[in-house]
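Comments concern the structure below.
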Protein chains: 2
Amino acid sequence: MADTLTATALTLKDIAREAGVSLATVDRVLHNRPGVRPDTVRRVKAAIERNAFQPHVAAAELARSRARRFAFVMPAGPNPFMQQIEAYLGEMSAWLSARRLGVEMVATDVFDPSVLAASLETLSGDYDGVAVVALDHPGVRAAINDLVDAGTRVVTLVSDVPSSRRHHYVGIDNIAAGRTAGALVGRLVGQRSGKVAIVAGSQGLRDHSERIFGFSQVMASEFPDLSVLPVLEGRDEDGRSEQVLARLLGRHADIVGLYNVGAGTQGVAKALSDAGRGKQVVFVGHDVTALTRRLLLQGVMDAAISQNPGHEARAAVRVLLALARGEPILREQEKIRIDIVMRDNLP
Amino acid sequence: MADTLTATALTLKDIAREAGVSLATVDRVLHNRPGVRPDTVRRVKAAIERNAFQPHVAAAELARSRARRFAFVMPAGPNPFMQQIEAYLGEMSAWLSARRLGVEMVATDVFDPSVLAASLETLSGDYDGVAVVALDHPGVRAAINDLVDAGTRVVTLVSDVPSSRRHHYVGIDNIAAGRTAGALVGRLVGQRSGKVAIVAGSQGLRDHSERIFGFSQVMASEFPDLSVLPVLEGRDEDGRSEQVLARLLGRHADIVGLYNVGAGTQGVAKALSDAGRGKQVVFVGHDVTALTRRLLLQGVMDAAISQNPGHEARAAVRVLLALARGEPILREQEKIRIDIVMRDNLP
DNA sequence: CTCAAAATGAGTTGCGTACCTCAAAACACC
DNA sequence: GGTGTTTTGAGGTACGCAACTCATTTTGAG
């Protein structure tokens, strides 16, 4: 009836006794310090395994006096999504200080590889962990690898650099996000046939191009009655997005679906409304902000694909902390889901 | 450029000096122990406020030696959703034991108020915290209140008892979940008109009736072309669900939508398939299990409304721990979202 | 067998808090 | 002023581990 999940509370001393060695030797093994015969290492590790021993995290944390410092390298300038991440980190401040963790924001131009790489290089040695919104570029990859080699824990945030040796990626699978957007547009358009427009920031951005790829894949394979128009580039700016979309709407009267891949949502919505086609066109975009929330409630947007920024911020901190402590990562917990947000499940 | 988020690392000794009292007095104030003049209490609290002092959680945890014990009171018998919660708790075992936390499962008949209440009473005193899948009933409410009065922290899990004095509810808003299901069915049906069927476990269950309420609300107000048929009760069993639905499908050729409120999904799917209407009827249900995953991939189910069981398990533990430690709860983090899961964003 | 190097034991200190005891001081009351 | 009560101070111990020193034992090479 009452089924217990946790082990008994052994201490290092118990492990030492079990392995027939002294506390000092267990300590050496536990921290990979030199001067222990391979055979002894094995005996100690066996004792640890056998008892499923976990060092008491509170005791370990207390003993190592030194506070941990993490850096968050984020885009400079006004990006609502990034501001949300920063805000959620702010909400954690009591949590952080109760654990004597220091989190510092470093603003930089993440779109310029050399600037970003240089920013990363300056962090070396000063921090126990770094979270970075990274551009996928050889220079950046090298900078990340240097940090890792210097013993800093690195997680990529929102945008990944899979070819680097970063310890973890906190963000969504953008191809799947694009596929989800495609399925939604296709299903919500229903029986109608017609054309589908795509507005992106730039196809040079990895996350945008991956989303477009996934979207197109689904449209081609599952919704043959819908034809996808060439991708418009709005550079994530409202004005330009509005302009290019307005022109396209003028030329095609049979547009039934619209996928906005990045930002510039305000402009996209305005072009739709001005053309008087807000209700006929199925409009799917990304992220839940004050604006998209309003558009969803008004029925202008039909769905938003979202990655929970609060979750991303907290997951990044937790992952960095677990890495620094040598604790296992709860993969399931730290995985960022692709949220489908419609009017009735607005968070 | 580098903007720091966290406070400096003061200790109790610093606070004592600031307030002009001894460590012992600060300790008395911090733990609401008697024997301190009101005026002195004020001075100490002021010093704490002024410095935004947070006790070092690791030190506090270490000092109080006594391990914490939590109990999870869950339904006995084979319920896949509950089994998932249990499995996720199992995945946390390393995390738990590194913090010297004991989590025990208590299986009981949560559908019988008196049995459930009795189970809760037996826990009094033995646990620092209790998470319970609770039926909303006066006897249960009283049992919960008794636990709270005895100093045990209580969170309701999945199913709430809002009228009790439980400290926290970990679960979704079921009315909103029903609304979301309704919006999905309506939108995915598209231009067609016809009838919509509802299969529930029992309308006596609070979560089921709330979901039906939300679903009907949306259908009535936003999809006037769809008419909702009377609710079928399948008691969350496959056989009975299949039987009642098969009969209904036989009587109505114009069913275009189906909402399965609870379990019994296997039977519902079978009735649909056997009638050869798997593809024409928009089928929305709850929870991501091995079965619903398969049905989504096959295209039999169109969407699943899901509350992440892993998140619920971990949130319950974190909330109980925060309550026990007197730490603030990260509301945003512990809030359970209503996930819309379609084929392309299957977790 | 000898000797240096490697491996190990034994012990100390400190981290910041909880929890406890005992004595001293301050206070209230008659 | 004396009495009893309340408030405060001072100090200690313990929690489990990290990080260190130094002495001692074991090992392997010559």
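The chains referred to below are lettered A, B, ... by the order of the sequence lines, with proteins before strands, and numbering in each begins at 1.
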Task: salt bridge (Lys or Arg N to Asp or Glu O under 4.0 Å) involving B:Asp126 - partner list, sequence neighbours excluded - done: none
TODO: Would you check if B:Val106 and B:Met74 make a side-chain contact, meaning some heavy-atom pair closer than 4.5 Å?
DONE: no
- [ ] Using heavy atoms and a sub-4.0 Å distance, could you list which residues of residues 20-28 of chain A are near DNA chain C? By number, please.
- [x] A:Gly20, A:Val21, A:Ser22, A:Ala24, A:Thr25, A:Arg28
Open item on the list: Students should find this one: the first and last nucleotides of DNA chain D, 5' to 3', lying under 4.0 Å from a heavy atom of chain A. What are they?
Closed with: D:dG16 to D:dT27
- [ ] Report the C-alpha separation of A:Phe72 and A:Val132 in whole Å, then their side-chain angles, then the decisive distance to 0.1 Å, and conclude whether the side-chain contact (heavy atoms from CB on, under 4.5 Å) test is met.
- [x] CA-CA 6 Å; A:Phe72 273 65; A:Val132 54; over 6 Å; no
Open item on the list: What is the distance, to the nearest angstrom, from the CZ atom on B:Arg325 to the P atom on C:dT17?
Closed with: 14 Å
Task: For A:Glu327, salt bridge (Lys or Arg N to Asp or Glu O under 4.0 Å) partners two or more places apart - done: A:Arg325, B:Arg99
TODO: Using side-chain contact (heavy atoms from CB on, under 4.5 Å) as the criterion, list what pairs up with B:Asp173, not counting sequence neighbours.
DONE: B:Ile175, B:Ala176
TODO: Using a strict 4.0 Å threshold on nitrogen-to-oxygen distance, state whether A:Glu61 and A:Arg68 make a salt bridge.
DONE: yes
TODO: Just report the end-to-end axis angle for the helix from C:dC1-D:dG30 to C:dC30-D:dG1, five pairs per end, to 10 degrees.
DONE: 20°
TODO: Please tell me which of the listed nucleotides, C:dT17, C:dA7, C:dA18, lies nearest to the side chain of A:Arg37?
DONE: C:dA7
Open item on the list: If you compare every side-chain N and O of B:His56 against the phosphate oxygens of C:dC15 (OP1, OP2), does one of them come in below 4.0 Å?
Closed with: no
Open item on the list: Between B:Asp27 and B:Arg33, does any side-chain N to carboxylate O distance fall below 4.0 Å?
Closed with: yes
Open item on the list: So, using salt bridge (Lys or Arg N to Asp or Glu O under 4.0 Å) as the criterion, who are the partners of A:Arg66 when residues are at least two apart?
Closed with: A:Asp128
Open item on the list: With a 3.5 Å distance limit and no angle check, can you tell me whether A:Ser119 reaches the backbone of A:Val115 through a side-chain donor-acceptor pair?
Closed with: yes
Task: Residues forming a side-chain contact (heavy atoms from CB on, under 4.5 Å) with A:Arg43, sequence neighbours excluded - done: A:Val21, A:Asp39, A:Thr40
Task: Residue list, side-chain contact (heavy atoms from CB on, under 4.5 Å) with B:Ala315, at least two apart or on another chain - done: B:Val170, B:His311, B:Arg318, B:Glu334, B:Ile336
TODO: Pull out every residue in residues 11-19 of chain B that has a heavy atom closer than 4.0 Å to any atom of DNA chain C, ordered by number, or say none.
DONE: B:Thr11, B:Leu12
Open item on the list: Given 3.5 Å as the limit, does a donor-acceptor pair link the side chain of A:Ser159 with the main chain of A:Ala134, or not?
Closed with: yes
Task: Contact residues, residues 59-67 of chain B to DNA chain D [heavy atom, < 4.0 Å] - done: B:Leu62, B:Ala63, B:Ser65
Open item on the list: Quick one, A:Leu320 and A:Val317 - any side-chain contact, counting heavy atoms below 4.5 Å?
Closed with: no
Open item on the list: Using side-chain heavy atoms (C-beta onward) and a distance below 4.5 Å, is A:Glu332 in contact with B:Arg314?
Closed with: yes
Task: Toward the 5' end of DNA chain C, by each residue's nearest nucleotide, B:Ala58 or B:Arg33 - done: B:Ala58
Open item on the list: Nearest heavy atom decides the nucleotide; on that basis, is A:Val36 or B:Phe53 closer to the 5' end of DNA chain C?
Closed with: A:Val36
TODO: Please tell me if the side chains of A:Val73 and A:Leu157 come closer than 4.5 Å, counting only heavy atoms from C-beta onward.
DONE: no
Task: Integer-rounded Å distance: C:dG16 P and B:His31 NE2 - done: 16 Å
- [ ] Please identify each residue that fulfils salt bridge (Lys or Arg N to Asp or Glu O under 4.0 Å) with A:Asp146, with sequence neighbours left out.
- [x] none
